[in-house]
Amino acid sequence: MTETGAPQVVADGSAAAAAGSDVRCRFAPSPTGYLHVGNARTALFSWLLARRNGGTFVLRVEDTDRARSTDEAIEILIHSLRWLGIDWDEGPEVGGPFGPYRQTEGLDHFREVTDRFLEAGTAYRCYCTPEELEDRRRAALKRGETPGYDGRCRTLGDKERAAFEAEGRSFAVRFAMPGNDIAVHDLIRGETTFPAADLKDFVIMRSNGVPTYLLAAAVDDVRMKMTHVIRGEDLMPSTPRQLEIMKALGAPPPAYAHLPLIVGPNRQPLSKRFGAVAVEHFRETGFLPEALVNYLALLGWSFDEKTTFLDRAQLIGAFDVSHVSRNPAVFDLQKLEWMNGHYIRESDDERLAGLAGEFLSAAGIDADPQLVLRAMPIVKERIHTLAELPGMLRFLFEDVTPDEKAAAMLAGDHVATLRAALSALEPLPDWTADAIHQALGGLKESLGLSSKQAFQPVRAAVTGTLVSPPLYESMELLGRERSLSRIRAAVDAAG
RNA sequence: GCCCCCAUCGUCUAGCGGCCGAGGAUUUCGCCCUUUCAAGGCGGCGACACGGGUUCGAAUCCCGUUGGGGGCACCA
C-alpha cells in the first residue's frame, strides 16, 4: 500500500466529451430531512448544466443509510425542488429507463457488483468489528498517525477466514485500492492528486447487505450513464475511490465538478442556528422561488461583471460550470431579501394576492381577497418578503388600536387638524384617492401646516400607525365610512 | 495529527500578465424625489492576506507563511 506509482489521470472528463443532448446530470440527495439551500444550489447547477445542453436531468434518492432516511423527507425534497421549478426527466414520480431511482429498491444490483468484485479480487471480506476499528482509529490518532483501515483482512488465508466465521463474526466487504496515487480532474478545480498512503481500503458493502455511499453512488452513476457529476466540495475526497470502483467496473467515469460550500456569516457551515437553511423555510417566510433561484445561482457563479438579474431562461442560456468560483460563499440573507423585494415588485398583483392569503390567515387576518388584490399595487413595492404583508394590510380588515407612536401623536395637540380633516372629507362626492388628496391638500394650505403636520395625525387615526402605505390610497381602499369613523373616534378620544 | 481545497471592498463577485490609480451588486452613509415608509435617481466610504521570487511589466504565474474550509466511518 505504500508503493507510489506515477499519478494516473483516471478521470480526464472523457465520458463527458458528451455534449448537447447526450449530457446526463443528476441530483442525488439523501432524504434525511429538509432540502438544505446548499443542496438546492447543487441541484440547481446540475439542472442548469443539463438544461443548458438539452440533456437529461435525473433525480436519484440515496437512501442507503436506512436509519436516517425517511419517506417524509423524500416528499419534502420533491416538494421543495418542484417549488424551485427544478424538474427532472427521470426519477421518483416520473420513472425512467434506469430505475429504480431509489437505491434501497435495487439492492440486488449492488450485491451482484460486490460479488463480482469479490471474485475478481478487487474486494475482500473484512471481519473486523466496528468496535475494533474504532479502537484502532483512536489509537492511530493518538499516535499522530493518519487513521484509516490497515488492510489486515486483505491477506486473510482460508483458515483464518474460517476461524472468524466459526466465531460467528459477520463481515463487511472492502474495496482493495491499487496502491498508487490517483489524480482527479475537476471541471472547476483542475487536477488534484491524492497520495496512495491516504487511500485506504474502504467498505463498499455493510455486513447487513446494504451498500455504502461510496459504492452505491459510483455504481448508479455508471448504471445511469451519467456524463457529469456536480456535487458539494465535501465529497471531493470520495472521488478517487469512486474512480477506482468505476475502473473495476470497466466503465468510463463522468466528469466531476465540486462546488464550494455555502457557509454562514461566521464562516462556519450553514446551520439551523443561522435561522434559514431549509428551502421550505424560505417559502414559509415569504420568499419567491425565482428570487431564491436567482440568488443561489449567483452564489459561486456569475454571468459577467454587471448582470444581477437572470430569469430561468437566461440562467439556462448562460450557465457555465467551468466559471464557478472555487471559494466558499457566505450566505447573505440581506441580499436575498433585497432580491426578493425586486421580484415581488416584478410580480403581477393577481399572483401576489393569491400568495398573500396564506400569510394573512397565518397572522389571523380574515381578509377579503378582492381588497387584497386592490391593495397590492401600493404595498408590493414596500416589502421584501410576503411575510411583511399582514403588518401592512391589517388596518384594512380589522379595527385599529394605535401603536405606541401613533397613540402618542393622537394624544398630542392635533384635534384641530383632525376636525378640519373631517369637515374637508365629509362632503366629498367621490371617495377616491384623488379627491382625498385634494381635500387634505386644501386643509394643509388653509391651516398653514407642513405636509407632515397635516397628514401624520390622519394617518395615525386611520391606520393606527405612523408608517403605512400611501394615505390617500389607503383611505380609498378602507372606504368612506370606516375612514371617517376612525378619524371621529380619534377626535372623540382626544376630547 | 495527516491529506485535500481555497484566499479581490463587511458580503456575493468581475478580473484569466499590460485596457486596474481594480469594475458591478448588496450593506452602510449623504443628497435628491416625497404625505409616512418604501421604491427610484445621484454621490461617498470600502478590497487585491503577508513575504519572497519570475517578468520590461503581476490582483493575475511560481514558492513559502498565515488564515479559512473540507476530509480521514459498516454517514452521505
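Labels below follow one simple rule: chain letters A, B, ... track the order of the sequence lines, proteins then strands, and each chain is numbered from 1.
Rounded to whole Å, the P atom of U27(B) lies 12 Å from the corresponding atom of G41(B). On the C1' atoms, A22(B) is 15 Å away from C16(B), given to the nearest whole Å. When the P atom is used for both C29(B) and C45(B), the distance is 16 Å, rounded to whole Å. Taking atom P on both G44(B) and C5(B), the two are 41 Å apart, rounded to the nearest angstrom. Comparing the P positions of C33(B) and U26(B) gives an interatomic distance of 22 Å, to the nearest angstrom. Across C12(B) and U54(B), the matching P atoms stand 34 Å from one another, rounded to whole Å. U60(B) and G53(B): their P atoms are spaced 15 Å apart (whole Å). Only the C1' atoms considered, A58(B) is 15 Å distant from C63(B), to the nearest whole Å.
Comparing U28(B), U13(B), C6(B) by their nearest atom to the side chain of Asn327(A) picks out C6(B). Nearest nucleotide to the side chain of Val330(A), out of U11(B), G15(B), U28(B): U11(B). Taking the side chain of Pro269(A) as heavy atoms from C-beta on, and the options G69(B), U11(B), C5(B), the nearest nucleotide is G69(B). Listed candidates were C37(B), C74(B), A38(B). Nearest to the side chain of Glu381(A) is A38(B). When distances run from any side-chain atom of Pro237(A) to the nucleotides U35(B), G71(B), C4(B), the shortest one goes to G71(B). The side chain of Lys335(A) has G24(B) as its nearest neighbour among G24(B), G15(B), G69(B). Which of C74(B), G15(B), U35(B) sits closest to the side chain of His323(A) comes down to G15(B). Of the candidate nucleotides C74(B), C5(B), C37(B), C5(B) has the atom nearest to the side chain of Glu233(A). Comparing G23(B), G69(B), C37(B) by their nearest atom to the side chain of Glu305(A) picks out G23(B). Taking the side chain of Arg345(A) as heavy atoms from C-beta on, and the options G70(B), C6(B), G40(B), the nearest nucleotide is G40(B).
Neither OP1 nor OP2 of U36(B) sits under 4.0 Å from any side-chain N or O of Ser468(A). An OP1 or OP2 oxygen of U11(B) is reached within less than 4.0 angstrom by a side-chain nitrogen or oxygen of Arg267(A). For Thr64(A), a side-chain nitrogen or oxygen approaches OP1 or OP2 of A76(B) to under 4.0 Å. Side-chain N/O atoms of Gln334(A) include none lying less than 4.0 angstrom from OP1 or OP2 on U11(B).
Checked by distance alone, Arg326(A) brings no side-chain donor or acceptor within 3.5 Å of a matching partner on the base of C6(B). Between the base of C74(B) and the side chain of Thr212(A) there is no donor-acceptor pair shorter than 3.5 Å.
Straight-line distance from the CG atom of Asn266(A) to the P atom of G68(B): 12 Å, rounded to whole Å. Between the P atom of C3(B) and the CZ atom of Arg241(A) lies a distance of 14 Å, rounded to the nearest Å. Spacing between atom CD of Glu388(A) and atom P of A39(B) amounts to 10 Å, rounded to whole angstrom units. Rounded to whole Å, atom P of C74(B) lies 12 Å from atom CG of Asp201(A). One interatomic measurement links the two molecules: OH of Tyr472(A) to P of U34(B), which rounds to 12 Å at whole-angstrom precision. The nearest whole Å value for the distance from the CE atom in Met376(A) to the P atom in A39(B) is 17 Å. Distance, Leu259(A) CG to A76(B) C1': 16 Å, rounded to whole Å. Look at NE2 on His384(A): it is 9 Å from P on A38(B), rounded to the nearest Å.
Among the heavy atoms of the strands, none lies under 4.0 Å from Leu440(A). Residue contacts shown for Cys128(A) include a base, since a base heavy atom lies under 4.0 Å away. As judged by a 4.0 angstrom heavy-atom cut-off over every strand, Leu299(A) is placed among residues touching the sugar-phosphate backbone only. If you check every strand for non-hydrogen atoms under 4.0 Å, Pro195(A) touches sugar and phosphate atoms only. Among the atoms of the strands shown, base atoms are found under 4.0 Å from some heavy atom of Leu466(A). Heavy atoms of Pro147(A) sit under 4.0 angstrom from at least one base atom. When heavy atoms are screened at a 4.0 angstrom cut-off, Glu134(A) is found touching no nucleic acid atom at all. Counting any heavy atom pair closer than 4.0 Å across all strands shown, Arg174(A) reaches sugar-phosphate atoms only and no base atom. Nucleic acid contact for Glu473(A): base, since at least one base atom lies under 4.0 Å from a heavy atom of the residue. At the heavy-atom level, Gly441(A) lies nowhere under 4.0 Å from the strands shown.
For Thr104(A) and Asp63(A), the side-chain atoms include at least one donor-acceptor pair closer than 3.5 Å. A donor-acceptor contact closer than 3.5 angstrom links the side chains of Thr239(A) and Arg231(A).
Residue Arg345(A) places its CZ atom among more than 12 non-hydrogen atoms of other residues, nucleotides or ligands, all under 6.0 Å distant.
Along RNA chain B, the nucleotide nearest to Ser238(A) and the one nearest to Gly300(A) differ in position, and the one closer to the 5' end is contacted by Gly300(A). Along RNA chain B, the nucleotide nearest Ser302(A) and the nucleotide nearest Thr308(A) are compared for position; the residue whose nucleotide lies closer to the 5' end is Ser302(A).
A salt bridge does not link Arg169(A) with Glu165(A): none of the charged nitrogens is closer than 4.0 Å to a carboxylate oxygen. Residues Glu346(A) and Arg351(A) are not paired through a salt bridge, judged by the lack of any N-O separation under 4.0 Å between the basic side chain and the carboxylate.
Ring planes of Trp301(A) and Phe303(A): tilted class, angle from 30 to 60°. Relative ring orientation between Tyr295(A) and Phe331(A) is described as perpendicular, the plane-to-plane angle rising above 60° on a 0-90° scale split at 30° and 60°. Using the six-membered ring where Trp is involved, Phe282(A) and Phe287(A) have ring planes that are perpendicular, over 60° apart on the 30 and 60° scheme.
In this entry A7(B) has U66(B) as its Watson-Crick or G-U wobble partner, both defining distances falling under 3.5 Å. Judged by Watson-Crick or G-U wobble contacts below 3.5 Å, the nucleotide C72(B) has G1(B) as its partner.
Judged by distance alone, with hydrogens and angles left aside, the side-chain atoms of Glu132(A) form a donor-acceptor pair with the main-chain N or O of Thr129(A) at under 3.5 Å.
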